[in-house]
Amino acid sequence: MKIHEYQAKELFSTYGIPIQRQILCTVAEDAAIAYNMLGKEEVVVKAQVLTGGRGKAGGIKLAKSDDEAVSHAYNILGMKIKDYTVNKIIITEAVNITAEFYISFVIDRNSKSVILIMSAEGGMDIEEVAAKTPEKIHRFSIDPFIGIPDYLARKFAFVLFDKIEYINQFVPILQNLYRLFINTDASLTEINPLVITDREKLIAVDAKMTFDDNALYRQPDILDLFEPTTEERIEADAKDKGFSYVHLDGEIGCMVNGAGLAMATMDMIKLYGGNPANFLDIGGSSNPQKVIEAMSLLLKHPNLKVVLINIFGGITRCDDVAVGLLKAFEEIKTDIPVIVRLTGTNEEEGRALLKGSRFKVAETMGDAVRLAVDSQ
Amino acid sequence: MKIHEYQAKELFSTYGIPIQRQILCTVAEDAAIAYNMLGKEEVVVKAQVLTGGRGKAGGIKLAKSDDEAVSHAYNILGMKIKDYTVNKIIITEAVNITAEFYISFVIDRNSKSVILIMSAEGGMDIEEVAAKTPEKIHRFSIDPFIGIPDYLARKFAFVLFDKIEYINQFVPILQNLYRLFINTDASLTEINPLVITDREKLIAVDAKMTFDDNALYRQPDILDLFEPTTEERIEADAKDKGFSYVHLDGEIGCMVNGAGLAMATMDMIKLYGGNPANFLDIGGSSNPQKVIEAMSLLLKHPNLKVVLINIFGGITRCDDVAVGLLKAFEEIKTDIPVIVRLTGTNEEEGRALLKGSRFKVAETMGDAVRLAVDSQ
Amino acid sequence: MSILIDKSTRLLVQGITGRDGRFHTEKMKEYGTNIVGGTSPGKGGTDVLGIPVFDTMYDAVNQTDADTSIIFVPAKFAADAIMEAADAGIKLIICISEGIPTLDVIKAHRFAQERGAMLIGPNCPGLVSPGKSLAGILPAQIFKEGNIGVISRSGTLTYEVVYHLTANGMGQSSAIGMGGDPVTGLYFRELLEMLQNDPATEGIVMIGEIGGNAEEQAAAYIKNHVTKPVVGFIAGQFAPPGKQMGHAGAIISGSSGTAADKIAAMEAAGIKVAKEPSDIPSLLKNMMK
Amino acid sequence: MSILIDKSTRLLVQGITGRDGRFHTEKMKEYGTNIVGGTSPGKGGTDVLGIPVFDTMYDAVNQTDADTSIIFVPAKFAADAIMEAADAGIKLIICISEGIPTLDVIKAHRFAQERGAMLIGPNCPGLVSPGKSLAGILPAQIFKEGNIGVISRSGTLTYEVVYHLTANGMGQSSAIGMGGDPVTGLYFRELLEMLQNDPATEGIVMIGEIGGNAEEQAAAYIKNHVTKPVVGFIAGQFAPPGKQMGHAGAIISGSSGTAADKIAAMEAAGIKVAKEPSDIPSLLKNMMK
């Protein structure tokens, strides 16, 4: 789950990480009030969208008067950035920057731990820095039972800074950012850039946080920050029903048991010249009720032309799956062609049961996908 | 630092450890109001003093009416229990007990950790149980980096209980008691007894907590609970000045550098038939100001008849110590005889400096103590 | 032979009285797995299908001398179950439960490591050494004893692949579903090393997914240390960037972790990468000639 | 020979720029201790008495190959200093600082243990191997090279005893002040073992206090494992029960930990227990004949 910059910064502030003052606006006119409330000559108007690349898209502008703030607000509100419409902006104090750093905590698969990533090359795309000058990226794995005591925070701090004034500011920022990460079950907390101002203060000028979906059940305050898009809402609803659903813009609806098999199915659709309308993992079993719910989800898709059901019969045998599918489709009203590919235990019995039904039955994934592409 | 039962129980309650409702009274008449507020037929009137043995001393009484509560309150308030005057009582609900247990967390020197001590023999002097039937005492050392996760709490719980209802009540009690211990820098948290009531509920019927003096600087809320006796106040003041002072009731005042040497000095006073008026460790150095302050502390003692100064000259040499003593006693106005015993580096030079002064100078600890005992 | 589990494995089922625990206990028992006990706090002293149930893993290990455990408890309690198993002396822990908060997994994994225990999963189907022992939820009937080691990040895709192998007469020495979470226990590297050292394994199938760089690391390891033929497959070649595809692990982040990168790295290491799961048996047969 | 420190000891001073750190660095240097560096965050690159100062223990250990450190930082930061030293690879950590919260010491001690480091203190005067190395605040001039090992829970009382030993011509192999806090590092048991194994040590003095049962445990150990003559002394024989006597350790709790119990246990183990510190040299001399 992602949250906006302003939300992440509010969390930062609660955890004692210094940020600029910020005022949230959803109406362009309010930018003038915000400008005057801040009482600074220069402010920054920043689009709040749950995607990156705001700067390049013109979503971040400097304003030197209330009029200018409003005019930028007009331009930015309603703007589209990578399919996301900007509905919120923040007006925030501008600061004079003398140096920029990149700081994040993130879950690392390889070390199976939270790692701290730091770089003196802040403000840029960190992955580009990592690719071109990996020696400028510092990574430290954090022991979950030790955390970041003062001595470790100092060790990390001295990697980026020399002056004790910066060390003393940076140590609590690191410790608080880690505490925030752990306490909120984050999967990423990122400050990019952390800056030194002309007054020698360290401030988080941008903030990004994402959270572990598996832990949201114990993070009600974080869950309250969730602002799902329509698609995310559909995906979240699907998750509640035990599916994993991702909306895509092709024409071939997929219903597969297992995420890996679902991805492999989509790959083959592409390979054979089709376009999947979605990713849908209906999970281990495939009882009729689940199939009915999955189909009603698929049928909402505007572009849908054909449905491909790809099931591996494992613990649940293919003959049982076939019975379930037949039962489910007694209740599903649709003319859309449905291709079924059944493999696994008792596959022949399963396929025999489906013979003569509304389904087009395929034996191999290749056949099934070809049939689906041809049926569009 | 010790706190009262009622204070410990308030902390318990904050940490989700079940206690009986309790009402604090300092005036006997209030016991009637408390009785009626609780609305139970049976209540217990309990003396609140910072020492054990209240039960045997008659400081805990059952009352079945408001009149009876007031009459017990009259008897208990003002009572002396081991030199402590009872100024506070609590009125608390009586419970019907079906089983009693002993539970505590305490700092353990041997394992250098916090240990959990549990026994199904609750309600008694646990040290007696430990001495007579050590097999009935269960001890578990807690790893400071692991704490007590659910699986450990369950492991401990199954040592005392079988029924899952009790396990499910006991697990959070253990975890919360440990959390309380750690969060407040306790040196002891004890529930004795933890009982099972006739309604199958686990409740902490008594509570004891002591705290690590070294950590009080970061425990302002705990420090607020401190109710020092006059003697403790003197001792605390001394500590602020860099001394370690304990008030005793003999006649020979002691001023020693180092706790071990101070104890050894007191031992020898006793050995030679005297009685120390105090324990006073003036610490490593012995600059004139410290000596002046220490002497003014000693001179407040009503029984004081003689002062014995026993100094080992280590980093600070004996001749420097002698100069310091002479300087200090220019300002100290008293006729009380003062014996000085100086050993260590440059001891002869030191003793020579003191010759002809108001001090009686001794060479060995034996001589010094004999002189002090004889000078009473 | 095989890796990790075999006839000598003494298995405990954590959460044996739950719906899934009981169901798969029955399946595993039918397969011939040596299940020596199970746990369910408060149900100590009872039994499930004749298998003794204990209150704690400490009791269970003490009384049964178990060396391996499989976890079916709900996500909220699963990390705790891993730690209990490790603390009680279990040396191989297979965690089937899915949906465990990642920070809990990190703690539990680190704890297991310190206690000298290996972890498989969480969010995995478990593993099987066909003809010897099955510790997981994999469909027993599709496996066949043989000389192919299968390691995979996926569940049903693994079954699909194994099904084709078995259908083509290629039995398996051991097949392991490693799990799809961001943080999981044993992974390609460690399992490749075990399979390379297993005399019964003559060919290896590794099934990867987009996201992370485990396949690239595995390829580097194979290049330097694995002499047995390896066939690979990568799912998610056409997954749109940034979309999470069921497995939290399958997020493409930036330029690395794409299927193309992985396939290139694998091919550079001499691994044949199949386009479709059904191609795997023939590719492997050719390499093993 | 000696135990724990000698001519080869490479010492770092943590908190070298503070008042106490600087003062005792000078004293130790005068004594001939091989001080290779010190730490003070933010003062890296400077020096104290010609000794290089580093920002962190990591830097200091990297650059100096130190194996031992002594800590003079304020109580609030001292536990952290112990952990930093252990994490940086120091193998013997001597913590002089007093007043550290006990729970911090427990954590730091456990951490040091896991990193394979030994801790002496906190709240201790340190140790000396006369003629070789001094790592502490003990008054150097009272010590003399020789064959008596001294281990003690007390500070000035140790000096008193050592002073009498030296005055009687009995030099010391090593003298260690273990510290008086409720939780401290190396204690009687471990140090007795070291002294027993040290060829240069021919007699042992152990100075205890009321509280705890370390002396009783030491006595049991001596009975079974120590063949060298041991003379003991216990301070606090007449301390009133329940009163805290400067050392947090010296609390008599209930029936155990009294001076009488300790003396009885020690005498039962063949240890001669002195009534006065000044009796120690002659008692020991008699035993060593």
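Letters A, B, ... mirror the listed sequences (proteins, then strands); counts begin at 1. What you are looking at is a predicted structure, and each value in this text was computed from that prediction instead of being measured.
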Return the option, out of [options], with the maximum number of heavy-atom pairs under 4.5 Å with chain A.
options                                : answer
C/Glu160, C/Lys107, C/His24            : C/Glu160
C/Leu138, C/Leu157, C/Val162, C/Ile207 : C/Leu157
C/Asp104, C/Ile234, C/Ile137           : C/Asp104

Problem - C/Leu103 side chain near A/Phe181 side chain, heavy-atom distance below 4.5 Å - result: yes
Contact class of [X] relative to chain C, heavy atoms under 4.5 angstrom:
X        : result
A/Val114 : both
A/Phe243 : neither
A/Ile182 : both

Using a cut-off of 6.0 Å, state whether more than 12 heavy atoms not belonging to [X] lie near its atom [atom1].
X        : atom1 : value
A/Asp249 : CG    : no
A/Glu348 : CD    : no
A/Asp83  : CG    : no

Problem - Flag, side chain of A/Asp212 to backbone of C/Pro101, donor-acceptor distance under 3.5 Å - result: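 No, because the side chain of A/Asp212 does not come within donor-acceptor range (under 3.5 Å) of the backbone of C/Pro101.
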Practice task
Measure from the side-chain N and O atoms of A/Lys112 to the backbone N and O of C/Gly185, and report whether any donor-acceptor pair falls under 3.5 Å.
Solution key: yes
Could you report the tightest heavy-atom contact between [X] and [Y], atom names first, then the distance?
X        : Y        : answer
A/Ala264 : C/Ala235 : N-CB, 4.2 Å
A/Met365 : C/Pro277 : SD-CG, 4.4 Å
C/Glu209 : A/Gly260 : OE2-CA, 4.0 Å
A/Leu271 : C/Phe238 : N-CE1, 4.1 Å

Side chain from CB out, backbone as N, CA, C, O: work out which of these in [X] comes under 4.5 Å of a heavy atom of chain A, or both, or neither.
X        : answer
C/Gln217 : side chain
C/Gln237 : both
C/Ile100 : backbone

Fill in the blank from the handout: Of the listed A/Thr364, A/Asp185, A/Asp143, the one with the largest count of heavy-atom pairs under 4.5 Å with chain C is A/Asp143
Completion exercise
Of the listed A/Asn110, A/Ile269, A/Val256, the one with the largest count of heavy-atom pairs under 4.5 Å with chain C is A/Asn110
Would you give me the side-chain donor-acceptor pairs under 3.5 Å for residues 74-85 of chain C, sequence neighbours excluded?
unit_1	atom_1	unit_2	atom_2	d
C/Asp80	OD1	B/Asp150	N	3.3
C/Asp80	OD1	B/Tyr151	N	3.1
C/Asp80	OD2	B/Tyr151	N	3.1
C/Asp80	OD2	B/Arg154	NH2	3.4
C/Glu84	OE1	B/Arg154	NH2	2.9
C/Glu84	OE2	C/Met57	N	2.7

Practice task
Look up atom CG in A/Asp267 and atom NZ in C/Lys275, then write down how far apart they are to the nearest 0.5 Å.
Solution key: 12.0 Å
Exercise for the section: Calculate, to the nearest 0.5 Å, the distance between atoms OH and CZ belonging to C/Tyr187 and A/Arg109 respectively. Expected result: 6.0 Å
Problem - Close contacts, residues 111-120 of chain C versus chain A, judged by heavy atoms under 4.5 Å - result: C/Phe111, C/Glu114
Fill in the blank from the handout: Which of C/Thr102, C/Val105, C/Asp181 passes side chain to side chain contact (heavy atoms under 4.5 Å, CB included) with A/Ile107? It is C/Thr102
